[in-house]
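Fair warning: this is a prediction, and the values are worked out from it, not measured in the lab.
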There are 2 protein chains.
Amino acid sequence: MREPLDPALFADCDDHTDLPVRVGDKWTAKILVCLRDGPRRFSELQVPLAPVTPKVLTESLRAMERDGLVTRTAYDETPPRVEYELTPLGHSLFQPLAASCTWNATHGAEMARAREEYANRR
Amino acid sequence: MREPLDPALFADCDDHTDLPVRVGDKWTAKILVCLRDGPRRFSELQVPLAPVTPKVLTESLRAMERDGLVTRTAYDETPPRVEYELTPLGHSLFQPLAASCTWNATHGAEMARAREEYANRR
DNA sequence: CAGAATCCGATTGGATACTG
DNA sequence: CAGTATCCAATCGGATTCTG
């Protein structure tokens, strides 16, 4: 079986509002990363994405399903099991996402400095 | 002097909420495009960006100025003249923006189809 | 011309509690 | 386990009006 997701996967991640390029809603990019190497259960996703609430996580996953980025597979067992998996279309988003990450790595600090300077200039 | 901006520059542009990758807020990406070839006045920007209101356009420009993406230069004349110009940091955003546009061109139709199919499956 | 001020509706994300 | 159902605060974008 595959490795469980690292609970601290996004620990040192900037707040999404601090970055100029966003993919989907607040949680979409992180969900993409979590599903990169294969399907994951709902409860697996909740671990690295904490403190996301079930309602909000469901909303993001539904939107991604609607857009054809993920598939949702429910297994008829007790307790219930549901798996989310990236489609090829979902995988294709890693291309622009990588470009965004490259920008953050290359220019993120410069933007942060510009913000501080702007704040200090009041 | 340079060409005026085409009033229909964004006429056949998808609504920003239809696309998965966004740069800044609702108007940021379009402002980047308007400033690509050199400085522009506030009123010049309003033309292709119509029906943006002055308040919202100002908010976007202020945020971009704060982030070091544009400079704002006010000339002390009557009537007043203000010019906005991209910084090198602002120009650097065309890299991830291009990746986003490539994705839209390559996979946008597929996402649109997925949405229709999802809607019809109710 | 280039905005500032005010007010407002819609959307977003979250807290909390409950269920098949 | 994998959600759903309510309720709610904050943010976003826009309409309108006014000004140096």
Identify which nucleotide among D:dG14, D:dA2, C:dA2 has an atom closest to any side-chain atom of A:Arg81, counting heavy atoms from C-beta outward.
-> D:dA2

Report the residues that fulfil ring pair (Phe, Tyr, Trp, His ring centres under 6.0 Å) with A:Trp103, sequence neighbours left out, ordered by chain and then residue number.
-> A:His107

Can you tell if the side chain of B:Leu86 reaches within under 4.5 Å of the side chain of B:Phe94, non-hydrogen atoms only?
-> yes

Should we say atom CD of B:Gln95 is surrounded by more than 12 heavy atoms from elsewhere, each under 6.0 Å from it?
-> no

Pairwise 5' ranking along DNA chain C for B:Ser43 and A:Ser60, keeping only the more 5' one = B:Ser43

5'-most contact on DNA chain C (nearest-nucleotide basis), A:Thr53 vs B:Arg72, goes to B:Arg72

Position toward the 5' end of DNA chain D (nearest nucleotide), A:Arg62 or A:Pro79 = A:Pro79

Closest nucleotide among D:dC1, D:dG3, C:dG13 to the A:Asp25 side chain = C:dG13

Whole-Å distance, B:Leu57 CG to C:dA4 P, equals 11 Å

Residue-phosphate contact under 4.0 Å: A:Arg41 side-chain N/O, D:dA2 OP1/OP2 = yes

Which of the following nucleotides, D:dG20, C:dG14, D:dG14, is nearest to the side chain of B:Lys26?
-> D:dG14

Does C:dT12 have OP1 or OP2 sitting under 4.0 Å from an N or O in the side chain of A:Trp27?
-> no

Within less than 4.0 Å of OP1 or OP2 of D:dT17, is there a side-chain N or O belonging to B:Lys55?
-> no

Report the distance from atom CD of A:Glu44 to atom P of D:dA2, rounded to the nearest whole Å.
-> 8 Å

Whether over 12 other heavy atoms sit under 6.0 Å from B:Arg115 CZ = yes

Choose from D:dG3, C:dA2, D:dA2 the nucleotide whose nearest atom is closest to any side-chain atom of A:Thr58.
-> D:dG3

